[in-house]
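The analysis underlying the following values was restricted to heavy atoms, covering all of them including side chains, and did not include hydrogens, waters or symmetry mates.
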Amino acid sequence: MARIEDYALIGDCETGALVGRDGSIDWLCLPRYDSDSCFGRLLGSDENGYWKLCPVDGCASERRYRPGTLILETVFTTDRGRARITEFMPPKSGRSKLVRIVEGLEGQVQMRSELVARFDYGISVPWVSRIDDGTLSLVAGDSMLLLRTTLAMRGESMKTVSPFSIVKGQRANFVLSHQISYEEPAPAEDPNTLLEATEHFWRDWSGPCKAAGPYSEAVQRSLITLKALTFAPSGGMVAAATTSLPEQIGGARNWDYRYCWVRDATLTLLAFMGAGYYDEARAWRDWLVRAVAGSPKQLQIMYAVTGERRLTEWEVPWLSGYESSKPVRIGNAAHSQLQLDVYGELMDALYQARRGGLQENKRAWTIQCALLDHLKGIWTEPDEGIWEVRGGAKHFTYSKIMAWVAFDRAIKSAAEFGMNGPVDDWQKQRTAIHEDVCRHGYDEERQSFVQAYGEAQLDASLLLIPSVGFLPPDDPRVISTISAIERELLEDGFVRRYDTGATKDGLPPGEGMFLACSFWLADAYHLSGRDQDAKSLFERLMALRNDVGLLSEEYDPKRRRLVGNFPQAFSHIALVATAHNLTHREKPSEQRSNKKALPSNGGGTASST
């Protein structure tokens, strides 16, 4: 099995495939990110599906994305020649398509396409039929794949194979498309026309990206990745393209991240707006409003890409797991947890949208007021916290801080935008929460805020205290908390979320370094005036990106490997935020803490309607 960092993402803004350096597509869910997989070798074996296209003989490979696009180019070099594979998924207009174009560059290269499709997360073998000389259909239940190529195809040991030779100047094309099995096969489309349209789409989208000094390329690549992880019809963004890639190789911390987290809301908005992408920011804001609409008591921490609420978690017994990391989980039981911090993230995101000049969503303020009325009665309760622990509810300090943020942003919305509401009551709630956190969340003996009331453990989320404006960055309690986290959670130069051995989170101890936490430390350094420390840490984190600029959720410093789901939106969001903090005049950390005004895009003003 390839290392996690050996994969690249191609996608159509509704789903995506992971392509290895060896030319094997080992993960693809159709027709959307949270659908069942048809290529599932990433989490199992060859029997669970893949599509490998590469030279027959031993070879070396180099790859890149075409600048400003999600079009992947891999050059294979053998003893007898060189060949390039260009692969992409055209932004979708009805059906997902995966295009692979082989081009001879030098000499002669013996190639082989080997396709093993297995639906329903790798268990259902399709019925393969030949429609015509250049088209095969692969059908199981309501799903159908159409494989089109001018090359000869044959069945071999439950595989569809195409051995061929390519010489300089020759091209060979493969197009794999997905559709409902009981519909007539869709007509063929020209691969070169699809390539041209896909390149135009991505270049047109990425071209206006605002510069970020020496980090401009990395920021653009991260934003392209975030765009790819967005479900275009709804505006929702999945946390990652995968499920169950382990936070520790061989461990049980394997979760399904193909859903949309409310927690990502504020930083996603600031990342898009800071780079000039107001349409994406608006789409994300509108997805949030639609998803959370309903009874305030039923606010969830995550939703499916179109807003579905039921994300029932189950385990897949026939998949062995990535490098035997079991179980493989589908769905996410954390969707039903109480996590108070999401109220703050939601209120902050909608406040930042107003400050950024996004036209007011007419339903948003009514929903916000209802949520605040509910939060008033529950912020004193224990919850499962930002890390979604499964070891029982606690009074997590960060959760209380974000409850403070919720009331604070409502008060600011009323003052700055004329929104109507019980401001006096909100001010009383804000004051009460602030006093409660400072009294119970700060350990005088340790000189640090702590993970949960009455406990001694630290938590990297406390690095966000100055960013959200709870306390100023020069407050002695903030400075001493940063120092404590440096002493106890900084390991091999990277930040752990918390001590999994000391915190009872319902799982065996051990995980990688959560990359977003290390970006948060860089932001905390910057806010507290330690700019050189911030820059040094940021550039060390940048060096963890793989050869095509992608990051996973975590990093294992002992194995020197990326771990966790991939590519991880939160890691790329944090990268963009820190890059903007270090290079932009309007810095996300200062915008969020309200130290500086957020520039408007001029696209309309907020309204209290």
Chemist: Could you check whether any side-chain heavy atom of Thr69 comes within less than 4.5 Å of a side-chain heavy atom of Phe88, counting everything from C-beta outward?
Modeler: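 Thr69 vs Phe88: side chains apart.
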Chemist: Are Tyr33 and Phe231 close enough that their ring centres sit under 6.0 Å apart?
Modeler: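 Not close enough - the centres of the two rings lie 6.0 Å or further apart.
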Chemist: Can a side-chain donor-acceptor contact be found between Ser96 and Asp12 if the only test is distance below 3.5 angstrom?
Modeler: yes
Chemist: Ignoring hydrogens and geometry beyond distance, is a side-chain donor-acceptor pair present between Arg309 and Gln300 at under 3.5 Å?
Modeler: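 No, no side-chain donor-acceptor contact under 3.5 Å.
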Chemist: For Glu511, is there an ion pair with Arg497 - N to carboxylate O distance below 4.0 angstrom?
Modeler: yes
Chemist: For Gln339 and Arg263, does a side-chain donor sit closer than 3.5 Å to a side-chain acceptor?
Modeler: yes
Chemist: Under a 4.0 Å N-O cut-off, is there an ion pair linking Glu156 with Arg112?
Modeler: yes
Chemist: Hey, are Arg82 and Glu62 close enough for a salt bridge, meaning a charged N less than 4.0 Å from a carboxylate O?
Modeler: no
Chemist: Under the ring-ring contact (aromatic ring centres under 6.0 Å, His included) criterion, do Trp318 and Tyr121 qualify, and how do the steps go?
Modeler: CA-CA 9 Å; Trp318 59 84; Tyr121 293 111; 7.8 Å; no
Chemist: Would you say CG of Asp79 has more than 12 non-hydrogen atoms from neighbouring residues, nucleotides or ligands within 6.0 angstrom?
Modeler: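 Counting other residues, nucleotides and ligands, CG of Asp79 stays at 12 neighbours or fewer.
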Chemist: With Arg84 as the cation and Phe76 as the aromatic partner, state whether NZ or CZ is under 6.0 Å from the six-membered ring centre and within 45° of the axis.
Modeler: no
Chemist: Give a yes or no on whether a salt bridge exists between Asp556 and Arg561, defined as a side-chain N under 4.0 angstrom from a carboxylate O.
Modeler: no
Chemist: Classify the ring geometry between Tyr257 and Trp261 as parallel (under 30°), tilted (30 to 60°) or perpendicular (over 60°).
Modeler: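 Perpendicular.
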Chemist: Are Thr242 and Asn565 linked by a side-chain donor-acceptor pair shorter than 3.5 Å?
Modeler: yes
Chemist: Run the salt-bridge test on Glu106 and Lys168 with the 4.0 Å N-O cut-off and return the result as yes or no.
Modeler: no
Chemist: Distance alone, cut at 3.5 Å: any donor-acceptor contact between the side chains of Ser177 and Gln179?
Modeler: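 Short answer, no.
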Chemist: Do the ring planes of Phe174 and Phe164 sit parallel (below 30°), tilted (30 to 60°) or perpendicular (above 60°)?
Modeler: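 Answer is tilted, since the angle falls between 30° and 60°.
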Chemist: If only side-chain N and O atoms count, and only distance matters, is there a donor-acceptor pair under 3.5 Å linking Ser552 with Gln568?
Modeler: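 Short answer, no.
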Chemist: So, are Glu114 and Lys52 salt-bridged, with charged N and O less than 4.0 Å apart?
Modeler: no
Chemist: Distance alone, cut at 3.5 Å: any donor-acceptor contact between the side chains of Asp26 and Tyr7?
Modeler: yes
Chemist: Run the ring-ring contact (aromatic ring centres under 6.0 Å, His included) test against Trp205 and tell me which residues pass, sequence neighbours left out.
Modeler: Tyr277
Chemist: So, is the end of the Arg285 side chain (NZ or CZ) under 6.0 Å from the ring centre of Phe272 and within 45° of the ring's axis?
Modeler: no
Chemist: Are Arg282 and Trp287 in a cation-pi setup, meaning NZ or CZ lies under 6.0 angstrom from the ring centre and within 45 degrees of the ring axis?
Modeler: no
Chemist: Can a salt bridge be assigned to the pair Arg329 and Glu313 using a cut-off of 4.0 Å between side-chain N and carboxylate O?
Modeler: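 Between Glu313 and Arg329 there is a salt bridge, with a charged N closer than 4.0 Å to a carboxylate O.
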Chemist: Can we say Arg80 and Asp57 salt-bridge, meaning some charged N sits less than 4.0 Å from an Asp/Glu carboxylate O?
Modeler: no
Chemist: Taking C-beta and beyond as the side chain, do Met237 and Leu226 meet within less than 4.5 Å on heavy atoms?
Modeler: yes
Chemist: So do Gln170 and Glu103 actually touch side chain to side chain, heavy atoms under 4.5 Å?
Modeler: no
Chemist: Does any donor atom in the side chain of Asn192 or Arg171 lie under 3.5 Å from an acceptor atom in the other side chain?
Modeler: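 The answer is yes; a qualifying pair exists.
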Chemist: Check this for me: does any side-chain nitrogen of one of Arg66 and Glu73 sit under 4.0 Å from a carboxylate oxygen of the other?
Modeler: yes
